[in-house]
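In what follows, a structure is listed as C-alpha cells, so that the remarks can point back to it.
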Amino acid sequence: MSELDQATLTAGEKSVVMPVLKPTLGNSCVDISKLTKETGLFTYDSGYTATASCKSAVTYIDGDAGVLLYRGYPIEQLAKNSSFLEVAYLLMNGELPTADEFAKFDHEVAHHTMMHEAFKNFLGGFRHDAHPMAMMVGMVGSMAAFYHNTLDLEDPEQRRLAAIRLIAKVPTIAAACYRYSIGWPVRFPRNNHAYVDRFLHMMFEVPSEPLDLNPVAAKALDLLFILHADHEQNASTSTVRMVGSTGANPYACVAAGVAALWGPAHGGANEAVLKMLAEIGKPESVSSAIDKAKDKESGFRLMGFGHRVYKNFDPRAKIIREMTHEVLAELGVNDPMLEVALRLEEAALKDDYFVQRKLYPNVDFYSGIIYKALNIPTEMFTVMFAIARTAGWVAHWLEQQVDPEAKIGRPRQIYTGYAERDYKGIDQR
Ligand code: CMC
C-alpha cells in the first residue's frame with residue numbers, strides 16, 4: 001500500500017493503520033470504523049464538517065470550484081436542457097430516461113397525484129393560520145398511515161412505488177395546504193397537465209374560471225425545482241437517511257426530511273431572505289444591515305449568504321441570479337426588493353468580513369424574489385423547496401435501502417454531565 005492508501009493514527013503506545021477510501025471525485029476518506037475497537041477512542045466532529053456518513057452515487061459537489069453534478073451531469077446543463085421531472089427520474093434511476101421511459105414515468109407520476117379523501121379530515125384539523133411547513137410535516141407523515149401495512153421494504157417494486165407516490169403527491173399536499181390556509185376549496189390534480197403546470201393549477205385555479213397560466217411562470221418554477229432537487233448529504237437528506245436507517249416507513253422518513261428542511265439555516269432561508277429584504281426596505285439601509293450582520297452580538301446573519309460546502313460560489317445562485325432579471329422582465333414585475341438584494345450582494349461581496357469568511361450568496365438569496373413574482377406567498381417558499389427536494393430524498397432513500405454497508409445511524413457522544421451520584425429524597429435537596 002502506498003502512503004496515500006492508508007493513514008496512521010498514534011494514540012499513546014498504540015498505532016492504528018486505517019485504509020483511505022477513494023471516491024470517483026473529491027476528497028479521500030480515512031475509514032475509521034476499526035478505530036474504536038483498536039484504541040477505545042471515538043472521533044468528535046460536531047456538525048459532521050469532515051465526516052462522510054455514507055457512500056453515494058447520486059450527487060457530487062466541489063465546494064471550492066463551485067461544481068454541482070447530479071449523477072455526473074453538471075447543474076448548468078440540466079438547468080438549460082432538462083425538466084424537473086426528467087431530473088427526478090435521473091436522480092432516482094441513475095440515468096437519463098429514453099423517450100419511452102420518460103413517457104412511462106410521467107404517466108405513472110400523473111396517475112399517483114390524487115390523495116385519499118380522508119386527507120381532507122387531516123387538513124381540517126389545522127388552524128387556518130398554521131404555517132404550511134407545519135402542515136406539510138403532518139400531512140406527508142400521515143401518508144405512512146395510508147401506505148404502511150401493505151408496504152414490503154424488501155420488494156424493489158414497492159420501494160419504487162413509494163418513491164413515485166412521494167414525487168406525485170407532495171405537490172398535491174402542498175397546494176392543498178395553501179388553499180386551506182386561504183379558505184379555497186382543494187383543487188384536484190389534472191393528469192393532462194405537465195408536472196409544474198399541474199401544481200400551479202392546483203395552487204391558483206379557482207372553481208369559477210380556468211387559470212390562464214403564463215408559460216414563463218411555469219418554466220421559471222420548473223428551473224427552480226431542478227436547482228433544488230438534490231444536494232448530496234445536506235441536513236434534510238441526512239435526516240431522511242438517518243430515519244431510513246432504522247427501517248422506518250419511507251413517508252415517515254420524508255416527513256422527517258421536511259421538518260429538517262424547515263429551519264432557517266437550511267431550506268427556511270428562502271423565507272427568511274424575503275423577510276430580511278422587506279425589513280431592510282430600501283437600498284440606503286443596506287450598509288447598516290451589513291454592519292449588523294458583522295456584529296456577533298446582534299445575533300443577525302445575512303440570510304441567503306454562506307454555505308457549509310460552497311466556499312467560492314454557489315452555482316445554483318449564479319443561475320438563479322441571471323434568471324431573476326429575465327423572469328421579472330418577462331412577467332412585467334418591478335420589484336423594489338430586487339434593487340435591495342442587488343445592493344446587498346454588491347456591498348457584502350466587497351466587504352472584508354464576508355470576503356475573508358468566503359460568504360457568497362447561496363441558492364436561497366434570489367429564489368424568494370422569483371417565488372414572489374410568481375405570486376407564491378412567503379410562507380410557501382420552503383414548501384416549494386420541499387417539493388423539489390423530495391426527488392433527492394427519495395433517490396437517497398432508495399440508494400440506502402440497497403447499500404450493503406448501510407447500518408442504523410447511531411453516533412457516539414462526548415459526555416459532559418455528572419459522574420455517577422446517589423439519589424437524594426426530596427427533603428434532602
Ligand atoms: N452572515 C454573517 N456571518 C455569517 C454568515 C451570514 N449569513 N454565515 C456565516 N457567517 C460567519 C459566522 O459567524 C462565522 O464567523 P466566525 O468565523 O467569525 O465565527 C463564519 O462565517 C463561519 O460560519 P459557520 O456558521 O461556522 O459556517 P457553517 O458552515 O456552519 O454555516 C450556514 C453555513 C449556511 C448555516 C451559514 O452560512 C448561515 O447561517 N447562512 C445563513 C442561512 C442560509 O442562507 N442558509 C441557506 C443555506 S443554502 C440552502 C440549503 O442548502 O439549505
Side-chain angles (χ1 to χ4, degrees), residues 45-51 58-64 66-68 70 75 133 224-240 257-277 279-280 286-321 341 344-371 378 381-393 396:
D45 179 20
S46 175
Y48 308 106
T49 57
T51 300
V58 182
T59 289
Y60 172 72
I61 303 172
D62 181 335
D64 293 328
V67 169
L68 170 60
Y70 293 164
I75 191 67
M133 281 300 277
L224 286 178
F225 281 179
I226 292 175
L227 300 178
H228 284 90
D230 194 39
H231 216 226
E232 50 119 304
Q233 309 310 321
N234 57 86
S236 56
T237 303
S238 298
T239 303
V240 170
V258 176
L261 186 74
W262 191 5
H266 191 12
N270 54 15
E271 184 178 337
V273 169
L274 220 75
K275 285 188 177 147
M276 174 189 75
L277 293 176
E279 267 165 37
I280 296 174
V286 159
S287 72
S288 57
I290 296 267
D291 290 343
K292 196 172 161 198
K294 292 179 343 186
D295 173 10
K296 301 275 192 243
E297 301 292 304
S298 74
F300 169 74
R301 286 186 167 199
L302 277 195
M303 286 292 126
F305 263 78
H307 198 275
R308 169 61 61 78
V309 184
Y310 294 121
K311 300 297 177 196
N312 181 337
F313 65 91
D314 180 339
R316 304 166 300 172
K318 209 170 158 189
I319 298 169
I320 298 187
R321 189 185 197 278
L344 191 64
E345 182 189 27
E346 193 190 350
L349 292 179
K350 277 198 277 193
D351 192 290
D352 269 359
Y353 173 96
F354 293 90
V355 173
Q356 277 166 14
R357 289 170 181 76
K358 302 188 174 179
L359 300 169
Y360 293 85
N362 60 48
V363 67
D364 288 327
F365 190 65
Y366 283 105
S367 62
I369 294 174
I370 300 182
Y371 287 139
T378 316
F381 289 2
T382 314
V383 175
M384 298 295 112
F385 196 156
I387 295 173
R389 188 53 59 87
T390 298
W393 290 331
H396 284 272

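Read the numbers this way: they start at 1 and go in the same order the structure lists the ligands and their atoms. Below, all heavy atoms of this structure are taken into account, side chains as well, without hydrogens, waters or symmetry copies.
The shortest contact between atom 7 (N) of ligand 1 and any protein heavy atom is with L302 O, 2.7 Å. Nearest non-hydrogen protein atom to atom 13 (O) of ligand 1 is K296 NZ, 3.0 Å.
Scanning V363, T237, N362, D295 for the heavy atom closest to atom 47 (C) of ligand 1 points to N362. Comparing A293, G306, P264 by heavy-atom distance to atom 42 (C) of ligand 1, the nearest is P264. Ranked by closest heavy atom to atom 25 (O) of ligand 1, the top entry among H228, R308, R301, M276 is R301. Across the listed options H307, H266, K358, H266 owns the non-hydrogen atom lying nearest to atom 52 (O) of ligand 1.
Heavy-atom contacts of Y353 reach the following atoms of ligand 1: 2 (C), 3 (N), 4 (C), 11 (C), 13 (O) (cutoff under 4.0 Å).
Using a 4.0 Å heavy-atom cutoff, A272 is absent from the residues neighbouring ligand 1. Not a single heavy atom of F365 sits closer than 4.0 Å to an atom of ligand 1. No heavy atom of N234 sits closer than 4.0 Å to any atom of ligand 1.
Distance CD/E346 to CG/D351: 12.5 Å, rounded to 0.5 Å.
Proximity of T49 to ligand 1, defined as any heavy-atom pair under 4.0 Å, is not found for any part of the residue. At a 4.0 Å heavy-atom cut-off, ligand 1 does not touch V273 at all.
At a 3.5 angstrom cut-off on N or O pairs, G304 counts as close to ligand 1.
Counting only residues at least two apart or on different chains, the side-chain hydrogen bond (donor to acceptor under 3.5 Å, both in side chains) pairs with a member in residues 382-392 are N234-R389, N270-T382.
Every ring pair (Phe, Tyr, Trp, His ring centres under 6.0 Å) that Y371 has, sequence neighbours left out, goes to F381.
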